Amino acid sequence: MMSAVVIDVVSCNMAPDCKTHLLPCEISYNGQAKVEEYFSSSIKQDKESKGLTSTFRGRPLDGEVKVVPSGYTGIILKETRKAYTDEEERKLIATHKFSKFHFWNLDKKTSQEDKLHQVLDWMEIANVLHSPVNFKSIPIKMEDS
């Protein structure tokens, strides 16, 4: 049995805005970093594709700025206390929020084939599929018998 995850909603409203980068790697570090000084300063606009280019530890990155879909807010969560068992409730707080983010691919241009693009497309489709239907606004065609 998996534990319940509880997100402190008040912290979501209080969280400060931030610049966010989604990188195709795992970094074994949890703390402050000089992102503006060492990473953001190397971001360039690609004149041909209109995308972004940069490097991280010598590896080429291609990216773009993505906007969080309307009606949603991006949040960065932090676990307040590590759960000791699988059944124990996990509590998370929002440390920051964002309305757009930099999405990066390692050594390839971003495309509609990327999982992130597919997720964002699915969010739009799901909103349409699950929105209420107003039957009065649907035209009814009566056929002759």
Side-chain angles (χ1 to χ4, degrees), residues 1-140:
M1 182 160 117
M2 294 206 47
S3 63
V5 176
V6 178
I7 298 174
D8 179 5
V9 179
V10 174
S11 70
C12 295
N13 296 328
M14 304 291 290
D17 290 330
C18 70
K19 278 188 175 179
T20 307
H21 295 269
L22 179 58
L23 294 166
C25 62
E26 183 176 326
I27 301 170
S28 297
Y29 175 73
N30 190 11
Q32 296 292 320
K34 296 180 180 178
V35 175
E36 285 296 322
E37 185 177 339
Y38 293 109
F39 183 68
S40 296
S41 62
S42 71
I43 297 172
K44 308 271 187 282
Q45 181 82 37
D46 185 338
K47 292 177 180 147
E48 290 177 22
S49 69
K50 305 281 192 247
L52 303 173
T53 62
S54 188
T55 60
F56 184 71
R57 295 187 175 177
R59 305 284 305 270
L61 297 172
D62 291 295
E64 63 183 283
V65 175
K66 298 299 291 177
V67 175
V68 175
S70 178
Y72 292 88
T73 301
I75 55 174
I76 297 174
L77 298 169
K78 179 180 179 181
E79 194 161 15
T80 57
R81 183 178 62 81
K82 189 82 171 160
Y84 295 109
T85 66
D86 288 341
E87 292 83 30
E88 193 175 351
E89 186 176 85
R90 297 177 64 196
K91 295 181 181 177
L92 306 172
I93 61 167
T95 61
H96 294 85
K97 61 185 173 183
F98 55 94
S99 58
K100 63 182 178 178
F101 59 97
H102 291 77
F103 167 62
W104 297 100
N105 272 340
L106 181 62
D107 201 19
K108 71 174 189 169
K109 303 288 184 205
T110 59
S111 73
Q112 288 303 117
E113 300 300 315
D114 294 326
K115 297 290 184 202
L116 176 74
H117 284 108
Q118 294 172 7
V119 165
L120 295 174
D121 288 344
W122 177 248
M123 289 171 67
E124 289 181 34
I125 293 167
N127 280 337
V128 171
L129 286 175
H130 297 288
S131 63
V133 175
N134 181 355
F135 289 104
K136 292 180 182 177
S137 66
I138 300 174
I140 299 173

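What you see is a predicted model, and the numbers here were worked out from it, not measured in a lab.
Partners of E124 under the side chain to side chain donor-acceptor pair (under 3.5 Å) rule, at least two apart in sequence or in another chain, do not exist in this structure. With sequence neighbours left out, the side-chain contact (heavy atoms from CB on, under 4.5 Å) criterion links T80 to K91, I93. For E36, the salt bridge (Lys or Arg N to Asp or Glu O under 4.0 Å) criterion is met by K19, not counting sequence neighbours. In terms of the salt bridge (Lys or Arg N to Asp or Glu O under 4.0 Å) criterion, residue partners of D114 (sequence neighbours excluded) are, by chain and number, K108. Looking at residues two or more places apart in sequence or on another chain, you find no salt bridge (Lys or Arg N to Asp or Glu O under 4.0 Å) involving R57.
Residues S40 and H102 form no side-chain contact, since every pair of their non-hydrogen atoms from C-beta on lies 4.5 Å or further apart.
Using bins of under 30°, 30° to 60° and over 60° for the plane-to-plane angle, the ring pair F39/W104 lands in the perpendicular bin.
Applying the ring-ring contact (aromatic ring centres under 6.0 Å, His included) definition to pairs two or more places apart or across chains, those involving residues 107-130 are F103-H117.
No option in L61, L23, D62 other than L61 meets the side-chain contact (heavy atoms from CB on, under 4.5 Å) test with L106.
Note: Q45 CD to L52 CG = 5.5 Å, rounded to the nearest 0.5 Å. Atom-to-atom distance recorded for T53:OG1 and D107:CG is 11.5 Å, nearest 0.5 angstrom. Atoms SG and CG, on C12 and L77 in that order, are 6.5 Å from each other to the nearest 0.5 Å. We find the CG-NE2 distance between D17 and H96 to be 9.5 Å, quoted to the nearest 0.5 Å.
Between Y29 and Q32 the shortest heavy-atom distance is OH-O, 2.8 Å. Contact record, E64 with K66: OE1-CD, 3.3 Å, taken as the closest heavy-atom pair. Shown here for A94 and A15, the closest heavy-atom pair between the two residues is O-CB, 4.0 Å. Residues T110 and G63 come closest through the heavy atom pair CG2-CA, 3.9 Å. When all heavy atoms of E113 and Q118 are compared, the closest pair comes out as O-NE2, 3.2 Å. Annotation for C18 and I76: closest pair SG-CD1, 3.9 Å, computed over non-hydrogen atoms.
Within 6.0 Å of atom CE in M123, more than 12 heavy atoms from other residues, nucleotides or ligands are found, so the atom counts as buried in its surroundings.
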